[in-house]
Participant: 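Input: one structure, supplied below.
Atoms within a ligand are numbered from 1 in the order they appear, just like the ligands themselves. Below, each value reflects all heavy atoms present in this structure, side chains not excepted, and no hydrogens, waters or symmetry copies.
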Amino acid sequence: MPASAPKVGFVSLGCPKALVDSERILTQLRVEGYDLVQTYEDADVVVVNTCGFIDSAVAESLDAIGEALAENGKVIVTGCLGKRAEVIRQAHPDVLAITGPQDYASVMDAVHAALPPRHDPFLDLLPAPRRLGDGEIEGVGLKLTPKHYAYLKISEGCNHRCSFCIIPSLRGDLVSRPVDEVLREAEKLVRGGVRELLVVSQDTSAYGVDLKYAPRPWGSNVYETRMKALCEGLSQLGVWTRLHYVYPYPHVDEVIPLMAEGKLLPYLDIPFQHASPRILKLMKRPGAVDETLERIQRWRAICPDLTIRSTFIVGFPGETDAEFEELLDFLDEAQLDRVGAFAYSPVEGAAANALPDPVPEDVKQERLARFMARQAAISEARLAAKVGSVQQVIVDAIDGELAIARSMADAPEIDGLVQVQDGREAGLRPGEFARVRILGSDEHDLYGEAGAV
Ligand code: SF4
């Protein structure tokens, strides 16, 4: 009898970008012959991929490490909080190893030290890995996300210095992955059954600037390492491609025609954060609000189906009543489809902590409630306008008689859903596209029928 494979438990916290890191590590563990197990009890060692973005995430990460130590005892920590090893060591001196984000090799070294691999070519599910340089591994990654969508990380770090954010100090300046490497990864994902690619980074519109937009060959063409060329390449794969974390820069205009031509999902996730020029300046973000509104109008003239999602911070230090009203006016004018908002909370190490005139907590909460109510009415009206239309959807799951699906306007995990009431009867299956007639709507979701199309 061959010895059983060494067993690793994996806890993944944090944002979609951290999820991509987790997927890479899981892929490597799997290809080296480790078994991935679901319980602390079954695991020989536990890897915790942490988030260190805001204080509550730090607390959640420390709790997760504590739980893994109590339940299993052998714990390796990686991810954003790994950059602040002293915080982890202080709370949990017994962790075996601490590594930072995207440090796949160090995580694997720590796993090898704690639990040597036992490669058995007859038992391993995947063929032995073939390294393609830069630690890239051939073979489709084992994914934590459902099989039919995948996050595609195009760069690390960020060249901006938004005053409320510590990501540049945690992750450094922008480092783009060459376009051919990204396109090859996307190709492999699509070959492995992925039907929707979610392009993520800290700043997707800055993609390639650090590489001086280097041209690279892929297939029979040459593509520049820049957002538009990347989108053109991805459009060759014949699946949905969705852009996240786009900064509202003029060259974003270039991708709107691709959306109008159906090459790219008509969807932009642009964190505007605020609309008052003075507050945007304090946040160290571009402040041309009128230009932003004009640009949104131009985009919609070219691509009327464009969905815009955004996030905002209310109650930033110094925000006056009048500046908050400017923000509400912006919502009315911009008519965004999906909006998330946070009451400002200081992040340890962020420059904004030194700003004067903090907004009292009760005022922040009251503004957040008003902001959300104003946007809820807009989102609800924009969804109601879709009733009667036919939407292409991708099916995420079958639940009883229902199919739980998403339209082009809905990113997984953050946006709404399309509930298809006759999904099972119509033979819909997860990962497949379908056409659905929209019969109803509310503030978040659409309701429809596939048989009625
Ligand atoms: S764009 Fe601003 S908020 Fe986003 S990661 Fe960069 S510094 Fe942080």
Participant: For the pair Tyr34 and His112, name the ring-plane relationship: parallel under 30°, tilted 30 to 60°, perpendicular over 60°.
Facilitator: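 Ring orientation, 0 to 90° scale: parallel.
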
Participant: Closer than 2.8 Å to atom 8 (Fe) of ligand 1, what protein N/O/S atoms do you find?
Facilitator: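 Hits for atom 8 (Fe) of ligand 1 below 2.8 Å: Cys165 SG.
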
Participant: Tell me the contacting part of Tyr245 for ligand 1: side chain, backbone, both, or neither, using a 4.0 Å heavy-atom threshold, strictly below.
Facilitator: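 Neither part.
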
Participant: Do the charged groups of Lys263 and Glu232 touch, with an N to O distance under 4.0 Å?
Facilitator: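 A salt bridge is absent here (no side-chain N lies under 4.0 Å from a carboxylate O).
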
Participant: May I ask you to decide whether Glu326 forms a salt bridge with Arg278, counting only side-chain N to carboxylate O separations under 4.0 Å?
Facilitator: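 Salt bridge between Glu326 and Arg278, a charged N being under 4.0 Å from a carboxylate O: no.
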
Participant: Is a side-chain donor or acceptor of Ser379 paired with a backbone partner of Arg338 at a separation under 3.5 angstrom?
Facilitator: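 Side chain of Ser379 to backbone of Arg338, a donor-acceptor pair under 3.5 Å: no, none is there.
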
Participant: Counting each atom of ligand 1 from 1 as listed, which ones have a heavy atom of Arg285 under 4.0 Å away?
Facilitator: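 Result: 1 (S), 2 (Fe).
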
Participant: Can you name the side-chain contact (heavy atoms from CB on, under 4.5 Å) partners of Thr292, sequence neighbours left out?
Facilitator: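 Phe272, Ile296, Phe330.
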
Participant: Quick check with a 6.0 Å cut-off and a 45 degree axis cone: is Arg406 positioned over the face of Tyr149's six-membered ring?
Facilitator: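 Yes.
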
Participant: I need the atoms of ligand 1 closer than 4.0 Å to a non-hydrogen atom of Tyr247, numbered in the order shown.
Facilitator: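 Near Tyr247, meaning under 4.0 Å from one of its heavy atoms, ligand 1 has 1 (S).
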
Participant: Is the shortest distance from a Lys or Arg side-chain nitrogen in Asp337 or Arg300 to a carboxylate oxygen in the other one below 4.0 Å?
Facilitator: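 Yes.
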
